[in-house]
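Accompanying notes for the structure given below.
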Protein chains: 2
Amino acid sequence: MTAAQKPHWTRHFPTLDQVDDPTGLGVLADAREIQAPEGAVVFRPGSVCEQYLLVTEGSVRVQQTSSSGREIVLYRVQTGESCVLTTSCLLGGNRYGAEGICETQVNGIAIPAPRFMEGIESSPGFRRFVFQGYGQRIAELMTLIDEVAFGRLNVRLAQRLLELAHGQDALHCTHQDLAVELGSAREVVSRALKDFERQGWVHLSRGQIDLLDRPALERLAKG
Amino acid sequence: MTAAQKPHWTRHFPTLDQVDDPTGLGVLADAREIQAPEGAVVFRPGSVCEQYLLVTEGSVRVQQTSSSGREIVLYRVQTGESCVLTTSCLLGGNRYGAEGICETQVNGIAIPAPRFMEGIESSPGFRRFVFQGYGQRIAELMTLIDEVAFGRLNVRLAQRLLELAHGQDALHCTHQDLAVELGSAREVVSRALKDFERQGWVHLSRGQIDLLDRPALERLAKG
DNA sequence: CGGGGTTCAGTGATCTTGTCACTGCTTCGC
DNA sequence: GCGAAGCAGTGACAAGATCACTGAACCCCG
């Protein structure tokens, strides 16, 4: 989860016709296929946004750091998705206010801003593609506000554990990582996890959490 | 602040050419001028979104209610602005997830969904108009997440007091209203206000807060 | 292989915020 | 003028955040 900090994306080839066009629209004339290793920083607060980004494989974690240094994960951009923040920066012409970090090796497509604008102008299909997930994302941000403001920590933690496990029986991350997921503090997460362990729901070891009683966690996560 | 609960907007006239076109684009052929009294509910969670809304005068407060009944103000739509949530619902075809309430009498313009889509398709200027503030709003939502997750309550309260006072020396609202602004609880706000009063920064009376030491509040709000 | 630095996890003390239960005061409608 | 509803204040306690510190596990390097 915390990994090598080699920044910047790698241009793969200058133009693009070998590559699948996930929009099916041929707006991708100027698009470049890009690749980034796990841990790469795609953008940071203050970065100027110069291209529309589309993930074709992998996962980018978008998170925010407060002035006091605490962090929270806002959302993830996964295979087939694009990033609200990027889109909004392009449309509004402002700078990034958060940080995007590759959680896996990531393959993607970058469309330079001017070409993106043209696409928006000229292609109804591309427009639809761009704005499709947009509404969904806004709704997700509002849900996040609700959870952060009103949600119980143990409930949110149980949800995240199940989510991050991706159906596996164990997940490899530190308590600090989970604290960032939830926008909470490491000690608080540690205590909640210890509590789960006392209930027999999980088993804790350094850098790893084994899920022993998934149904119990699901019960907590739902209600 | 809490006012009459007469719902629904009033159609004013069926078509629109007497009215200023704030987009300057003539996309408003099918638009209707609408009017709503203070306290009117423009939309609720679950409402289907059938028209693009633009405020020409007044203020609409958009807020969310958690399952436990606690509420938080997400943002306000003011003169010349339109509502992110409405736009995202139109583009994504989903339902409202929050509530919009008129804080003043509100004049506005409504563009039916089909016409809105046409406008987006055909008019670059209208498109620009629609997406202009959009990026800004997303950034605001992320700031809100930051504040809710990491901000101190007394700091946030001081900020809101100054904001809601609009330069006046007093503001008329209940402690409960302020709790909703901040997504907090009434008792907590009451205590923080009492604390401000002990410092001599404000004077409290039923339904009213007088700001006595604005500089002190500003100091707290900034730092 | 061993030693030393670093990362990770656990814990108590204390502060802030949220929740619950209840009180008394004001306001408003009848 | 009376009763109901709304508003504000308060104490007790729970949940979460912060601070300071401990020890264990891991990694690198000689």
Which word best sums up how the rings of B:Tyr96 and B:Phe43 line up, parallel for under 30°, tilted for 30 to 60°, or perpendicular for over 60°? parallel
Does anything in residues 184-193 of chain A pair up under salt bridge (charged side-chain N to carboxylate O under 4.0 Å, His left out), and if so which pairs, sequence neighbours excluded? none
Find every protein N or O atom lying less than 3.5 Å from an N or O atom of nucleotides 14-17 of chain C, and list the pairs.
{"residue": "C:dT17", "atom": "OP1", "partner": "B:Leu153", "partner atom": "N", "Å": "2.7"}

Can you tell me if A:Glu57 has over 12 outside heavy atoms packed within less than 6.0 Å of its CD? no
Measure CG/A:Leu178 against P/C:dG10 and give the value in whole Å, please. 12 Å
Between the side chains of B:Glu38 and B:Thr104, is a donor N or O closer than 3.5 angstrom to an acceptor N or O? no
Name all residues meeting the salt bridge (Lys or Arg N to Asp or Glu O under 4.0 Å) criterion together with A:Asp195; count only those two or more places apart in sequence or in a different chain, and write none if there are none. A:Arg198
Pairs in or reaching into residues 80-92 of chain B: which pass salt bridge (charged side-chain N to carboxylate O under 4.0 Å, His left out), with residues at least two apart or in two chains? B:Glu81-B:Arg137
Check this one for me: any side-chain N or O of B:His175 less than 4.0 Å away from OP1 or OP2 of D:dG9? yes
To the nearest angstrom, how far is B:Gln176 atom CD from C:dG18 atom C1'? 13 Å
In whole Å, I'd like the distance from the CD atom of B:Glu71 to the P atom of C:dG18. 15 Å
Sequence-distant partners of A:Glu197, salt bridge (Lys or Arg N to Asp or Glu O under 4.0 Å), two or more places apart: A:Lys194
To the nearest Å, give me how far apart CZ (B:Arg191) and C1' (C:dC20) are. 11 Å
Nearest heavy-atom approach of B:Gln63 to B:Ala98 is O-CB, 3.4 Å
Could you walk me through whether A:Leu217 and A:Val202 pass the side-chain contact (heavy atoms from CB on, under 4.5 Å) check? CA-CA 9 Å; A:Leu217 289 170; A:Val202 301; 4.2 Å; yes
Sequence neighbours left out, what passes ring-ring contact (aromatic ring centres under 6.0 Å, His included) with B:Tyr75? Give chain and number order. none
Do A:Glu187 and D:dC19 share a donor-acceptor pair, side chain to base, under 3.5 Å? yes
Roughly, in whole Å, what's the span from CG in A:Leu171 to P in C:dC8? 15 Å
Can you give me every donor-acceptor pair (side chain of residues 154-161 of chain B, partner residue at least two apart or in another chain, under 3.5 Å) with its distance?
{"residue": "B:Arg156", "atom": "NH1", "partner": "B:Leu182", "partner atom": "O", "Å": "3.3"}
{"residue": "B:Arg156", "atom": "NH2", "partner": "B:Leu182", "partner atom": "O", "Å": "2.7"}
{"residue": "B:Gln159", "atom": "NE2", "partner": "B:Ala221", "partner atom": "O", "Å": "3.2"}
{"residue": "B:Arg160", "atom": "NH1", "partner": "B:Glu181", "partner atom": "OE1", "Å": "2.3"}

Could you give the CD1-to-C1' distance, from B:Ile209 to D:dA8, as a whole number of Å? 11 Å
Hey, is CD on A:Gln105 packed in by over 12 heavy atoms from elsewhere, all under 6.0 Å? yes
Between B:Arg198 (CZ) and D:dT10 (C1'), how many Å, whole number? 11 Å
Under the salt bridge (Lys or Arg N to Asp or Glu O under 4.0 Å) rule, collect the residues that match up with A:Arg214, sequence neighbours excluded. A:Asp169
Between B:Lys194 and D:dG9, is there a side-chain N or O to OP1/OP2 distance below 4.0 Å? yes
Protein and nucleotides 22-27 of chain C: nitrogen or oxygen contacts under 3.5 angstrom:
{"residue": "C:dT26", "atom": "O2", "partner": "B:Arg206", "partner atom": "NH2", "Å": "3.2"}

Please work out which residues in residues 140-150 of chain B have a non-hydrogen atom less than 4.0 Å from an atom of DNA chain C and list them by number. none
One would report the end-axis bend of the helix from C:dC1-D:dG30 to C:dC30-D:dG1, five pairs per end and rounded to 10 degrees, as 30°
In whole angstroms, how far is the P atom of C:dC8 from the NE2 atom of A:His172? 15 Å
Show me, pair by pair, the donor-acceptor contacts under 3.5 angstrom made by side chains of residues 138-153 of chain A, not counting sequence neighbours?
{"residue": "A:Thr143", "atom": "OG1", "partner": "A:Ala139", "partner atom": "O", "Å": "3.0"}

